[in-house]
Amino acid sequence: AAPPRHTASLVVLLSFLRSVASVTRQSAPYVRDFRESRAGDFARDTHGVPTPAKSNPRETRHVGISRVAADFAFLETRGVASGHHGASEDEESTKTTNDDVGTTVSGISKRGAFLNVFFLAVSVPLWRDVLHDLGYLQGEEDTPAELPQIPPGSNFQTATFAGGCFWCMEKPFDILPGVVATTSGYTGPVGSLQNPTYHDVGAGGTGHREAVQVLFDPSKVTYSELLDVYWHQIDPLNADRMFLDTGLQYSSAIFPNDSTQTEAAERSLAELSANNVFPGEIATVIVALDKFYPAERYHQDYYKNNALRYGFYRSLSGRDEFVQGVWGVTAWEKYTGHNVK
């Protein structure tokens with residue numbers, strides 16, 4: 001099964017199909033009139049008013065998508081008004097005269113036609129992304145990313161956190177002074193599936209969680225400060241979900257590299273529990289890091305490279321509302337980098 005995160009892709013797909021149906025329905029009468037005008041198949045009634053000849057409904061019931069686009073271009077050049085699918089049926093139609101063929105065509109607003117065509121133009125390229133997200137297309141971007149190399153003598157360290165969707169976990173760390181790089185990936189306890197893929201982990205049962213590994217300079221930012229940022233991103237109250245996404249693979253966990261990080265993580269969790277910061281018992285687990293597997297290339301810096309889709313998913317997830325409710329709007333802006341481009 002596809003991960004729940006694909007809700008965003010499916011919404012886009014359904015909206016696209018709805019728009020196609022709307023444009024097709026709205027265009028049918030204009031396509032019919034256009035075809036009849038080109039065939040010179042018009043007649044005049046006794047008052048000299050041009051009226052289209054009768055046509056076979058079966059011939060005009062279905063309109064191809066490419067033809068719809070061509071006919072919309074024709075209508076715009078002729079100044080024919082077309083309309084929005086949300087308009088009331090009782091609303092008076094706009095009438096425009098086509099001097100070339102001498103006919104009167106009833107239509108709907110140009111704004112409605114423009115919005116529909118614009119949406120189609122924007123949505124068509126998303127087909128590939130939707131199919132890719134559902135696992136039907138594979139390419140170079142599906143190969144695992146490479147971990148950043150630690151420069152010799154730099155004393156850089158790594159910290160690994162699972163906080164649900166890794167798309168949402170990179171930016172809060174990227175904006176911190178002292179953070180060198182973030183990498184989205186998968187990690188779990190000893191015995192977890194080796195070399196997992198996005199769809200392996202999303203389907204569940206691998207033992208892995210989606211996680212982000214932070215490469216940082218401890219002389220500029222401490223591990224405790226990274227923990228502080230981490231807690232401001234998550235809902236730690238559930239052991240089998242994170243906001244919109246369900247399953248162990250999206251639950252929260254801290255993966256220390258050594259005893260120093262383990263002690264800091266345990267101390268941080270104990271302080272939050274004692275102060276009742278969250279409205280319930282914290283379910284976040286602390287698990288010694290076994291091996292971190294970088295996720296596929298297209299997941300890296302997703303919030304930068306796919307800003308619109310990332311924003312759409314995040315707005316659906318409920319993450320920001322939860323963080324604001326627990327920590328306040330000011331802390332949310334500070335710790336999530338909401339105002340940082």
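For the numbers below, each heavy atom of this structure counts, side chains included, while hydrogens, waters and symmetry mates do not. Values in this document were obtained by computation on a predicted structure and should not be read as measured data.
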Grab the two heavy atoms, one from [X] and one from [Y], that are nearest each other, plus how far apart they are.
| X | Y | result |
| --- | --- | --- |
| Ala283 | Ala239 | CB-N, 4.0 Å |
| Thr160 | Ala211 | CG2-CB, 4.2 Å |
| Ser219 | Asp217 | OG-OD1, 2.7 Å |
| Pro236 | Thr284 | CB-OG1, 3.1 Å |
| Phe166 | Ala295 | CE2-CB, 3.8 Å |
| Thr206 | Asp200 | CG2-O, 3.3 Å |

Tell me, do [X] and [Y] make a side-chain contact under 4.5 Å, heavy atoms counted?
| X | Y | result |
| --- | --- | --- |
| Gln233 | Cys168 | no |
| Ile234 | Met242 | yes |
| Asp240 | Asn238 | yes |
| Leu316 | Phe312 | yes |
| Val285 | Arg209 | yes |
| Gln157 | Tyr223 | no |
| Arg314 | Thr336 | yes |
| Ile254 | Leu227 | yes |

Among pairs that include at least one residue of residues 172-192, which meet side-chain hydrogen bond (donor to acceptor under 3.5 Å, both in side chains), considering only residues two or more places apart or in two chains?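 Non-adjacent pairs meeting side-chain hydrogen bond (donor to acceptor under 3.5 Å, both in side chains): Glu170-Ser184, Asp174-Thr182, Asp174-Tyr303, Tyr186-Glu296.
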From [X] atom [atom1] to [Y] atom [atom2], the distance as rounded to the nearest 0.5 Å:
| X | Y | atom1 | atom2 | value |
| --- | --- | --- | --- | --- |
| His208 | Phe292 | NE2 | CZ | 11.0 Å |
| Gln194 | Tyr293 | CD | OH | 4.5 Å |
| His299 | Asn305 | NE2 | CG | 12.5 Å |
| Leu289 | Gln261 | CG | CD | 9.0 Å |
| Gln324 | Thr330 | CD | OG1 | 10.0 Å |
| Leu248 | Arg241 | CG | CZ | 13.5 Å |

If the test is ring-ring contact (aromatic ring centres under 6.0 Å, His included), which one of Phe173, Trp327, Phe278 qualifies with His232?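 Among the candidates, only Trp327 passes.
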Tell me whether [Y] is reachable from [X] by hopping between hydrophobic residues (I, L, V, M, F, W, Y) whose side-chain heavy atoms are closer than 4.5 Å.
| X | Y | answer |
| --- | --- | --- |
| Phe161 | Val287 | no |
| Leu215 | Val212 | no |
| Leu226 | Trp332 | yes |
| Phe255 | Leu193 | no |
| Leu176 | Ile150 | no |

Would you find a donor on one side and an acceptor on the other, under 3.5 Å apart, between the side chain of [X] and the backbone of [Y]?
| X | Y | result |
| --- | --- | --- |
| Glu210 | Gln249 | no |
| Asp290 | Gly191 | no |
| Arg319 | Glu321 | no |

Just checking Asn275: does its CG atom have more than 12 heavy atoms from other residues, nucleotides or ligands closer to it than 6.0 angstrom?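 Enclosed: over 12 neighbouring heavy atoms sit under 6.0 Å from CG of Asn275.
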May I ask you to check whether Tyr335 and Asp228 show a side-chain donor-acceptor distance below 3.5 Å?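 There is such a pair between these side chains.
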How about Asn257 and Thr158: does a side-chain donor come under 3.5 Å of a side-chain acceptor?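 Present: a donor and an acceptor within the cut-off.
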Below 3.5 Å, can you tabulate the donor-acceptor pairs from side chains in residues 262-273 to any protein atom, sequence neighbours excluded?
residue	atom	partner	partner atom	Å
Thr262	OG1	Asp258	O	2.9
Ser268	OG	Trp231	NE1	2.7
Ser273	OG	Leu269	O	3.1

Run the ring-centre check on Tyr313 versus Trp167 and record whether the distance is less than 6.0 Å. yes
